[in-house]
Protein chains: 2
Amino acid sequence: MILFPGYTLVYGSRMHLTLQQMRLFEAVARHRSFTRAAQELHLTQPAVSIQVKRLEENAGSILVEHMGKRLFLTPAGHAVYEACVDILGRLRLLDQALDDLRADVRGPLELSVVTSAKYIIPPLLGAFIADHPAVTPRLIVTNRARVIERLADNRDDFVIMGQIPPELEVEAHPFLDNLLMIVAHPPPSSRRAARSCRPGLGRGALLGA
Amino acid sequence: MILFPGYTLVYGSRMHLTLQQMRLFEAVARHRSFTRAAQELHLTQPAVSIQVKRLEENAGSILVEHMGKRLFLTPAGHAVYEACVDILGRLRLLDQALDDLRADVRGPLELSVVTSAKYIIPPLLGAFIADHPAVTPRLIVTNRARVIERLADNRDDFVIMGQIPPELEVEAHPFLDNLLMIVAHPPPSSRRAARSCRPGLGRGALLGA
DNA sequence: TCCGCTTACGCCCTTCGTAAACATT
DNA sequence: AATGTTTACGAAGGGCGTAAGCGGA
């Protein structure tokens with residue numbers, strides 16, 4: 001039901017509400033100005049205008065009123081503003097949490113690699129350490145037999161070799177065009193590497209960053 | 001830095017994270033299945049798959065791991081899941097608040113209209129009441145002179161007439177192709193209609209719903 | 001007339017569905 | 001083989017900028 005042209009209020013279905021709309025509206029409400037909000041967010045006025053309009057459509061209520069020169073929030077506008085502050089704050093918290101998780105990649109990292117990987121691994125490991133300075137790796141380059149021995153004794157967080165030994169129940173991830181494998185005991189076996197490195201990283205991305 | 005193909009982790013800039021991505025991820029995490037999440041949200045598997053992938057790119061961390069048949073959340077995945085629950089819950093709260101605000105359109109509504117609007121207004125008013133049952137309107141249909149008198153005496157929340165009287169300082173909104181005007185004393189003057197109907201509605205949309 | 005908000009239009013990017021490929025059991 | 005996930009691609013929709021329109025001090 002419409003009385004004045006342009007006042008179509010859509011009930012329900014606040015499905016296509018957008019985080020960007022919330023960011024813009026929060027800035028608009030804080031500055032009480034579309035122009036300053038646009039400046040703060042490095043956007044143009046029309047972009048802000050249209051997004052606030054869409055937000056009003058999504059909310060099903062008018063949120064701002066222009067009384068002469070100044071801009072006021074309606075009660076619904078205040079409700080939306082509170083929600084925006086809460087939600088954007090929660091997002092910032094999540095950002096922090098994710099950063100902390102990534103920063104928490106720390107501790108000792110024991111690995112041994114076959115000689116043929118001697119020139120492949122150190123640069124990768126170096127880049128990984130650059131991203132995660134709290135990790136203290138100990139890299140042993142040795143022959144295949146000793147790598148298998150260390151693997152069998154569970155002395156490494158993981159090893160890197162070409163052919164996986166069939167007599168061991170291990171988990172292997174091929175990499176570098178299947179020339180090499182990252183080999184480790186499968187988790188449940190609580191390896192040090194698992195405890196120290198896995199938070200925030202997928203198991204397959206032990207060295208990925 | 002990439003070690004395994006497909007594990008590109010993008011740092012920072014969680015700017016284009018989407019509410020839809022959160023809805024999908026929340027459902028995926030709850031069901032531990034892309035398929036069931038897609039069913040619940042009336043989407044296809046690929047849509048869910050790609051959005052979760054994008055969410056992981058935005059988060060800068062892998063969020064889900066496929067261990068054989070079952071699906072697990074990484075620590076980062078749990079953090080994101082908590083945030084999704086919080087944010088979607090907050091949105092539901094906002095929905096409730098907006099509905100309540102709209103329901104709070106209540107109270108007496110006094111208006112008088114010129115005779116020529118006799119056949120126009122009642123259906124509009126009826127539809128408005130249907131949406132806002134707590135409003136108790138009193139409609140008076142009379143001639144132009146009495147409408148002006150009531151307007152001058154401030155006895156109505158607003159009136160509807162064709163030509164606005166020039167001797168009164170009033171606020172007029174044309175509607176119905178400028179044949180009729182909604183006329184009221186401008187706010188700051190705290191009219192009953194303003195108090196009873198305006199919460200949740202823009203001033204220009206007094207009857208709009 | 002100036003300033004600020006809105007509308008119009010066009011481009012680009014994103015999203016989703018269909019279909020096919022891939023993986024795991 | 002069957003179930004479940006991912007990739008490819010085309011169509012539809014949304015976001016934003018530029019430019020023009022509009023409205024109040």
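Quick note on labels: first sequence line is chain A, next is B, and so on, each numbered from 1.
With sequence neighbours excluded, the residues forming a salt bridge (Lys or Arg N to Asp or Glu O under 4.0 Å) with B/Arg146 are B/Glu149, listed by chain and number. Partners of B/Arg54 under the salt bridge (Lys or Arg N to Asp or Glu O under 4.0 Å) rule, at least two apart in sequence or in another chain, do not exist in this structure. Qualifying ring pair (Phe, Tyr, Trp, His ring centres under 6.0 Å) partners for A/Phe25, counting only residues two or more places apart in sequence or in other chains: none.
Summary for the helix from C/dT1-D/dA25 to C/dT25-D/dA1: the axes at its two ends, each from 5 pairs, differ by 30° when rounded to the nearest 10 degrees.
Residues A/Phe34 and A/His66 share a closest heavy-atom pair of CE1-CE1, 3.9 Å.
Atom CG of A/Leu71 is separated from atom P of D/dA25 by 14 Å (rounded to the nearest Å). One interatomic measurement links the two molecules: CZ of B/Arg36 to C1' of D/dT3, which rounds to 12 Å at whole-angstrom precision.
A distance-only check finds a donor-acceptor pair linking the side chain of A/Thr74 to the backbone of A/Leu63 [under 3.5 Å]. Side-chain N or O atoms of A/Glu65 include none that pairs as donor or acceptor with a backbone N or O of A/Phe72 at under 3.5 Å.
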Check: protein-nucleotides 15-19 of chain D nitrogen or oxygen pairs below 3.5 Å:
{"from": "D/dG15", "atom 1": "OP2", "to": "A/Arg54", "atom 2": "NH1", "distance (Å)": "2.3"}
{"from": "D/dC16", "atom 1": "OP1", "to": "A/Gln20", "atom 2": "NE2", "distance (Å)": "2.7"}
{"from": "D/dC16", "atom 1": "OP2", "to": "A/Gln51", "atom 2": "NE2", "distance (Å)": "3.3"}
{"from": "D/dG17", "atom 1": "OP2", "to": "A/Thr44", "atom 2": "N", "distance (Å)": "3.0"}
{"from": "D/dG17", "atom 1": "OP2", "to": "A/Thr44", "atom 2": "OG1", "distance (Å)": "2.8"}

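You can see that DNA chain C meets the heavy atoms of chain B within a 4.0 Å-exclusive cut from C/dT15 to C/dT25, reading 5' to 3'.
The shortest distance between the side-chain N/O atoms of B/Ser49 and the OP1/OP2 oxygens of D/dT6 is below 4.0 Å.
B/Glu40 and B/Arg36 are not joined by a salt bridge, as no carboxylate oxygen comes within less than 4.0 angstrom of a charged side-chain nitrogen.
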Given the rule in the side chain to side chain contact (heavy atoms under 4.5 Å, CB included) test, do A/Met22 and B/Leu91 qualify, once you have shown the distances and angles that lead to the verdict? CA-CA 11 Å; A/Met22 296 193 187; B/Leu91 277 180; 3.4 Å; yes
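A distance of 8.5 Å separates CD of B/Glu26 from CG of B/Leu41, quoted to the nearest 0.5 Å.
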